[in-house]
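Residue numbers begin at 1 in each chain, while the letters A, B, ... track the order of the sequences.
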Amino acid sequence: MISPLVRIQRGDFSLQDEIDALPAGRADIGAVVSFIGLCRDEAGTLAALELEHYPGMAEAEIARVAAEAVERWPLMGLVAIHRYGLVRPGDQIVLVLAASAHRRAAFEAADFMMDYLKTRAPFWKREHRADGTLGGWVEAKADDDDAAKRWDLAP
Amino acid sequence: MISPLVRIQRGDFSLQDEIDALPAGRADIGAVVSFIGLCRDEAGTLAALELEHYPGMAEAEIARVAAEAVERWPLMGLVAIHRYGLVRPGDQIVLVLAASAHRRAAFEAADFMMDYLKTRAPFWKREHRADGTLGGWVEAKADDDDAAKRWDLAP
Amino acid sequence: MSNAIAKAATGARPVRIVYFAWVRERVGLPEETLDIPTDLATVADLVRWLKARGEGYEAAFSDEAIVRAALDHVHAKPQARLGDAREIAFFPPMTGG
Amino acid sequence: MSNAIAKAATGARPVRIVYFAWVRERVGLPEETLDIPTDLATVADLVRWLKARGEGYEAAFSDEAIVRAALDHVHAKPQARLGDAREIAFFPPMTGG
């Protein structure tokens with residue numbers, strides 16, 4: 001079984017670099033699904049999001065979720081990168097990449113990784129408003145818990 | 001509603017270029033899901049796949065599937081690129097990219113696009129073997145039809 | 001309709017027929033323009049008419065349930081009416097993606 | 001077990017407690033090392049003990065059902081046993097991704 005790549009970092013990442021780093025010369029990869037989560041600002045009132053995280057546990061928890069994905073699906077590559085610190089609207093926050101022989105496994109593994117990242121990875125977002133004030137902590141959504149629960153069923 | 005970008009081309013494509021071409025400066029995109037389909041060679045006996053297509057209908061049919069996706073999900077970007085001609089093991093064949101405010105819509109739209117591309121886009125694969133002989137036409141899989149049928153249910 | 005009258009009068013109309021993948025190989029050509037009888041109502045009627053044209057067609061359409069059709073670039077079932085379609089395509093189940 | 005006997009003898013053991021996001025703000029510090037009574041069995045027991053320490057803790061844990069915990073970097077439910085955990089974390093529901 002493959003070793004997932006998990007990185008928690010302040011700086012930006014490049015999807016293309018991560019795809020290029022997938023095992024080259026393996027002609028058994030038929031499907032690569034990627035997810036990029038970006039900092040949104042629907043209202044036009046956001047200056048930045050501050051991402052607080054729990055160092056040590058963030059890596060450990062995402063690695064556990066990734067190990068579960070590798071257990072469930074026949075993956076040939078699995079990458080999860082999550083940023084912390086200040087991100088501006090339009091900036092990348094999170095990347096998940098799953099490679100497999102067939103598309104179903106790659107889609108499901110990436111989808112699963114994101115659902116669990118949302119509900120289990122120790123990160124918290126706080127808003128910095130465009131008017132210079134500090135906004136509130138972003139509230140967790142019941143939707144996300146429901147999404148994660150989908151995977152408790154045997155696939 | 002957005003206009004999906006559909007391209008049928010002989011040459012390769014770049015996921016990064018397509019992501020970079022998504023509407024910049026729109027801070028309402030929170031999720032970008034991409035799918036890349038690659039030429040596989042599990043057995044080590046494949047020299048190349050030859051992709052025959054129906055010019056005119058290939059574009060039209062993928063555009064119809066893309067229009068259906070735009071109708072079903074609140075998308076801010078949708079790209080579908082399919083190659084024809086000769087592709088070698090490890091080469092990219094197809095790209096789908098879906099951008100939305102939230103991850104569920106982006107995942108589902110990309111997944112839907114691929115299921116319909118597989119079963120409705122007029123492309124046919126034939127094997128060229130490593131020993132120089134011409135292999136058979138790749139047979140369609142019942143799996144793919146079943147996958148496409150999932151979407152007939154109202155979401 | 002004057003159009004229908006004109007057709008009934010001639011009894012045939014020219015249609016471009018295109019073939020792909022192993023259907024193309026069995027028929028032996030990628031496309032042809034044929035004068036088809038105007039009394040062929042559906043895709044299935046046209047398939048039966050084509051099968052009578054020779055061995056290659058017979059081989060291509062030996063399992064009619066497998067071969068797919070499109071009328072003017074739109075997928076069509078065997079029972080679909082040919083209507084005024086100007087380009088009719090036949091091909092195996094698709095294997096793109 | 002000699003370990004259990006040692007604990008029972010001292011009646012307390014040092015534990016590093018870390019807080020995040022609005023739990024950290026309400027408690028008023030990011031982390032502290034506290035000598036906690038060895039007779040605190042579960043996460044919920046520890047929360048009750050912390051709430052007695054002052055207003056900040058009271059505010060942080062006012063809705064106990066909302067605050068999450070982790071024992072040595074692993075998510076833990078209120079009824080989870082503290083065991084020998086050396087680092088115990090409290091934080092709001094996560095909003096990463």
(request) Name the member of B:R126, B:K141, B:M114 that forms the most heavy-atom pairs with chain C at distances under 4.5 Å. (result) B:R126
(message) What verdict does the ring pair (Phe, Tyr, Trp, His ring centres under 6.0 Å) test give for B:Y54 and C:H73, after you've listed the backbone C-alpha separation in whole Å, the side-chain angles of each residue and the deciding distance to 0.1 Å?
(response) CA-CA 9 Å; B:Y54 183 176; C:H73 293 174; 5.1 Å; yes
(message) Can you tell me how far apart OG1 (C:T95) and CG (B:L51) are? Round to the nearest 0.5 Å.
(response) 7.5 Å
(request) Working to the nearest 0.5 Å, report the span between CZ of C:R68 and OG1 of B:T119. (result) 8.5 Å
(request) Measure the spacing between CH2 of C:W22 and CD of B:E139 and express it to the nearest 0.5 Å. (result) 9.0 Å
(request) Please check if the side chain of B:W124 supplies one atom and the backbone of C:G96 the other of a donor-acceptor pair under 3.5 Å. (result) no
(request) Check each atom of B:R120 against the heavy atoms of chain C and say whether the ones under 4.5 Å are side chain, backbone, both or neither. (result) both
(request) Examine whether an atom of C:V74 lies under 4.5 Å from a heavy atom of chain B, and if so say whether it belongs to the side chain, the backbone or both; otherwise answer neither. (result) both
(request) Heavy-atom pairs under 4.5 Å with chain C are the metric here; pick the option from B:A121, B:G37, B:A80, B:G136 that has the most. (result) B:A121
(message) Around atom CZ of C:R53, are there more than 12 heavy atoms from other residues, nucleotides or ligands closer than 6.0 Å?
(response) yes
(request) Nearest 0.5 Å please: distance from the CZ atom of C:F20 over to the CZ atom of B:F123. (result) 11.0 Å
(request) Give, for atom CE of C:M94 and atom CD of B:E61, the distance between the pair rounded to the nearest 0.5 Å. (result) 8.0 Å
(message) Nearest 0.5 Å, please: how far is CZ in C:R24 from CD in B:E52?
(response) 4.0 Å
